[in-house]
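Position 1 is the first residue of the sequence; numbering continues from there. Values below: every heavy atom of this structure, side chains too, minus hydrogens, waters and symmetry copies. None of the values given here were measured: they were computed from a predicted structure.
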Amino acid sequence: MEELHVDEAGVEGASGYLTIDLSALGRNYEKLSRTVSPSHVAAVVKADAYGLGADQVARTVYAGGCRHFFIAQFVEAKKLRPALPQDAQIFVLNGLQPGNEDICASENIVPVINSIAQWRFRRQVRLDGGTGQRTEVANIKNKEPLECHRGRTGARDREDLYL
């Protein structure tokens, strides 16, 4: 059994540690993937996989077939990118921040569009890394409805109608 130990040593008042069975995590991912097939399951590994270690958790589910990873901030994407092969897509929930356009394109980091302002900015910047192809969340291949994320920085009322 492969384990990940999250220890609280050095935290005043902490009285224990948490052991994560990475093999079980991988099996659970694979079972969930089979259950929802042909749809795909993504891994949310923001906040260092909620303190479990984004690199280790991401590599575990990648081995089980996961290719889509969500984090909150661009800096997390930069930290996670070296842990995963280039075919893994990392989505930044807080969107495209000015100055990160080139690195997003070259590192296969996909900003999630959260507002009309981000969408307009995104349309002005070609994120193709020289390939002529653009990858973004709003590129719905199956012509499914676009869902505007309203929970954190998401679209305001009626912005989804504009999109």
Side-chain angles (χ1 to χ4, degrees), residues 2-7 18 20-26 28-30 32-33 36 39-142 144-156 159-160 163:
E2 184 181 3
E3 295 180 343
L4 168 64
H5 296 286
V6 180
D7 123 20
L18 177 65
I20 304 298
D21 182 344
L22 292 173
S23 298
L25 178 70
N28 288 343
Y29 176 83
E30 290 171 8
L32 183 58
S33 292
V36 302
S39 295
H40 301 281
V41 177
V44 179
V45 293
K46 64 184 186 172
D48 199 30
Y50 299 95
L52 301 177
D55 290 3
Q56 293 169 311
V57 169
R59 281 193 297 263
T60 297
V61 296
Y62 180 90
C66 184
R67 296 300 181 267
H68 299 97
F69 300 85
F70 284 84
I71 51 80
Q73 305 290 337
F74 176 76
V75 69
E76 294 174 284
K78 280 292 294 163
K79 186 176 178 186
L80 181 61
R81 179 78 273 167
L84 295 169
Q86 278 299 106
D87 68 329
Q89 285 190 311
I90 301 173
F91 295 88
V92 180
L93 292 170
N94 284 349
L96 179 63
Q97 303 303 312
N100 295 334
E101 302 89 353
D102 291 340
I103 194 74
C104 283
S106 66
E107 297 288 337
N108 198 16
I109 296 171
V110 181
V112 173
I113 304 303
N114 292 295
S115 68
I116 295 297
Q118 283 186 357
W119 180 74
R120 286 182 180 141
F121 176 69
R122 171 62 179 87
R123 288 189 63 199
Q124 293 173 6
V125 178
R126 186 172 177 92
L127 291 180
D128 64 16
T131 66
Q133 297 180 358
R134 293 166 54 140
T135 303
E136 57 190 85
V137 173
N139 182 8
I140 308 295
K141 293 181 182 176
N142 297 329
E144 296 172 4
L146 176 65
E147 179 181 335
C148 292
H149 189 257
R150 296 176 184 252
R152 17 175 337 136
T153 62
R156 292 185 296 271
E159 281 189 345
D160 55 338
L163 291 174

S.K.: Rounded to the nearest 0.5 Å, how far apart are CZ of Arg59 and SG of Cys66?
M.R.: 14.0 Å
S.K.: Please test Phe91 against His68 for side chain to side chain contact (heavy atoms under 4.5 Å, CB included), starting from the C-alpha separation and ending with a verdict.
M.R.: CA-CA 7 Å; Phe91 295 88; His68 299 97; 3.4 Å; yes
S.K.: If you measure from CD on Gln89 to CG on Leu84, what distance do you get to the nearest 0.5 Å?
M.R.: 11.5 Å
S.K.: Which value, rounded to the nearest 0.5 Å, describes the distance between Lys79 atom NZ and Asp48 atom CG?
M.R.: 5.0 Å
S.K.: Who passes side chain to side chain contact (heavy atoms under 4.5 Å, CB included) against Val75, sequence neighbours left out?
M.R.: Gln73
S.K.: Would you say the side-chain atoms of Asp55 pair up with the backbone N or O of Ala83, donor to acceptor, closer than 3.5 Å?
M.R.: no
S.K.: Name all residues meeting the salt bridge (charged side-chain N to carboxylate O under 4.0 Å, His left out) criterion together with Arg67; count only those two or more places apart in sequence or in a different chain, and write none if there are none.
M.R.: Asp87
S.K.: Rounded to the nearest 0.5 Å, how far does NZ of Lys78 lie from CD1 of Ile90?
M.R.: 10.0 Å
S.K.: With a 4.5 Å heavy-atom cut-off, do Val57 and Thr60 have their side chains touching?
M.R.: no
S.K.: Any side-chain heavy-atom pair from Val92 and Ile71 closer than 4.5 angstrom?
M.R.: yes
S.K.: Does Tyr29 reach the main-chain N or O of Val41 with its side chain, forming a donor-acceptor pair under 3.5 Å?
M.R.: yes
S.K.: Can you check whether Phe69 reaches Val61 side chain to side chain, under 4.5 Å on heavy atoms?
M.R.: yes
S.K.: Rounded to the nearest 0.5 Å, what separation is found between the CZ atom of Phe74 and the CG atom of Leu93?
M.R.: 14.0 Å
S.K.: Using the ring-ring contact (aromatic ring centres under 6.0 Å, His included) criterion, which residues pair with His40? Sequence neighbours excluded.
M.R.: none
